[in-house]
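These notes concern the structure reproduced below.
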Amino acid sequence: MNRSDATLTLGVDLGSTAIKAVLLADGMTVKACRVALTGHNARQSAEQLVAALLDEAGVTPDQVARTVATGYGRLYYDPADREVSEITCHARGTRLVMPQARTIVDIGGQDSKVISLADTGRVLDFAMNDKCAAGTGRFLEVMSRALDVPIEQFGRLAEASTKDVAISTTCTVFAESEVVGLVARGEALPDIVAAIHRSIAARIAALVRRVGPAAPVVSTGGVAQNPAAIAALATELDQPVEVAPDPQFTGAIGAALVAAADHAEPRP
Ligand code: ADP
């Protein structure tokens, strides 16, 4: 049961690949969180995910003071009191978990964003890639499927790499053929996987350079769970890249924080 004095807010991040939901207590403590694939029906997936989350937390919908939706599909979540951009939500979520961050690199399933923050947490600037799969989680998913390795284990494979092989094309479709060609040529799997991560890191680093990068650089989004992608990005930028705790939930945490702020100070 919810402690009767705790204010509960809900943040729902309807990403193109995954939906994330976070239940926040008193605008500061994550009480429960849950993720599911978006699938073909974002609306239905979000509703099922939130129902499961509340059930798990022992909370009824009427105990949630306010709900904010964010992400690519944010307009599809009807129960939300308000929709807020992913830029705002990633900035707010990162500010809670890593207040020292000055540059956020959010690498999602079908887009990537870089956000530059003032030391107050205010958004100064941002850059976004939502046109090309090459600098997003989609690139890694296509490659992991082509090599028949689950995405959760894909990055770890790169650790055993001993030789630099190159992927010359940046286009996901052509790069997939090139990877198949490298396998046929007998290149070792860890070397190919390392090359794939260098390729995505080069694309993301170019986006990062458009707005900064002021240190500390913090990564959020699902791809931040892939250690090889983050290590390759740090090498490419020649500076450390930290990973936010539970990075895939940062946007949903930010949405729940906005909901808490709205509840404390209702908008006119
Ligand atoms: P979106 O918000 O755009 O739907 P997410 O931020 O949820 O995207 O990130 C989805 C991406 O995260 C996937 O494309 C995949 O590359 C990556 N990903 C998800 N789970 C894992 C994991 N356990 N390990 C490594 N990468 C992961």
Side-chain angles (χ1 to χ4, degrees), residues 11-22 33-43 45-46 49 53 68-77 83-94 97 104-115 126 128-159 172 175-176 179 193-194 196-197 199-201 203-204 207 218-233 241 243-256:
V12 187
D13 178 359
L14 292 95
S16 52
T17 303
I19 298 181
K20 286 75 61 176
V22 165
C33 60
R34 223 175 161 99
V35 57
L37 288 177
T38 305
H40 299 299
N41 189 336
R43 193 184 302 265
S45 304
L49 183 75
L53 177 84
V68 165
T70 188
Y72 174 84
R74 59 184 177 270
L75 295 177
Y76 298 120
Y77 189 62
E83 298 86 37
V84 174
S85 85
E86 294 146 273
I87 304 293
T88 298
C89 290
H90 275 272
R92 297 287 278 271
T94 305
V97 295
I104 302 170
V105 185
D106 165 40
I107 318 167
Q110 286 185 40
D111 62 21
S112 340
K113 302 170 214 69
V114 182
I115 306 166
F126 70 92
M128 187 158 175
N129 162 29
D130 58 359
K131 303 271 182 296
C132 168
T136 73
R138 178 96 189 112
F139 181 78
L140 294 173
E141 286 192 52
V142 168
M143 298 306 167
S144 73
R145 229 169 282 146
L147 294 172
D148 203 17
V149 180
I151 191 74
E152 297 79 15
Q153 294 160 27
F154 197 49
R156 297 254 168 247
L157 270 185
E159 286 167 9
T172 307
E176 186 182 3
V179 160
V193 173
I196 289 167
H197 285 84
S199 171
I200 182 177
R203 300 288 296 210
I204 294 165
L207 194 68
V218 170
S219 60
T220 64
V223 177
Q225 299 172 102
N226 177 326
I230 301 310
L233 179 62
V241 176
V243 176
D246 298 319
Q248 199 171 15
F249 289 101
T250 313
I253 292 173

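Order of listing sets the numbers, starting from 1, for every ligand and every atom in it.
Looking at residues two or more places apart in sequence or on another chain, you find no side chain to side chain contact (heavy atoms under 4.5 Å, CB included) involving Ala231.
For ligand 1 and Gly137, the ligand atoms under 4.0 Å from any heavy atom of the residue are 14 (O), 16 (O). Close approach to Ala18 involves these atoms of ligand 1, each under 4.0 Å from a residue heavy atom: 4 (O), 7 (O). Interface of Gly108 with ligand 1, defined as ligand atoms under 4.0 Å from a residue heavy atom, comprises 3 (O), 5 (P), 6 (O), 8 (O), 9 (O). Close approach of ligand 1 to Gly221 is summarised as follows: ligand atoms under 4.0 Å from at least one heavy atom of the residue are 6 (O). Distances below 4.0 Å separate heavy atoms of Glu141 from the following atoms of ligand 1: 13 (C), 14 (O), 15 (C), 16 (O).
Considering backbone and side-chain atoms together, Gly222 places an N or O closer than 3.5 Å to an N or O of ligand 1. Annotation: Ser16 places an N or O atom under 3.5 Å from an N or O atom of ligand 1; distance criterion only. Between Lys20 and ligand 1, an N or O atom pair is found at a separation short of 3.5 Å. Considering backbone and side-chain atoms together, Gln248 places an N or O closer than 3.5 Å to an N or O of ligand 1. Remark: ligand 1 and Asp106 share no N or O pair separated by less than 3.5 Å (distance only, no angle test).
By the 4.5 Å heavy-atom criterion applied to side chains, Met143 and Ile200 are not counted as neighbours.
Of all the heavy atoms in Ser16 and Gln110, the pair that sits closest is OG-CB, 3.3 Å.
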Solution key, residues 134-141 side-chain donor-acceptor pairs under 3.5 Å, sequence neighbours excluded:
{"from": "Thr136", "atom 1": "OG1", "to": "Gly109", "atom 2": "O", "distance (Å)": "3.4"}
{"from": "Thr136", "atom 1": "OG1", "to": "Ala133", "atom 2": "O", "distance (Å)": "2.8"}
{"from": "Thr136", "atom 1": "OG1", "to": "Arg138", "atom 2": "N", "distance (Å)": "3.2"}
{"from": "Glu141", "atom 1": "OE1", "to": "Arg145", "atom 2": "NH2", "distance (Å)": "3.4"}

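Ligand 1 lies out of reach of Gly71, whose nearest heavy atom is not under 4.0 Å from it. Residue Glu86 places no heavy atom under 4.0 Å from ligand 1.
Rounding to the nearest 0.5 Å gives a distance of 13.5 Å between CG of Asp13 and OH of Tyr72.
Contacts between Glu152 and ligand 1, counted as non-hydrogen atom pairs separated by less than 4.0 Å, involve both the backbone and the side chain.
Relative to atom 25 (C) of ligand 1, the option among Val35, Ile151, Thr250, Val142 with the closest non-hydrogen atom is Ile151.
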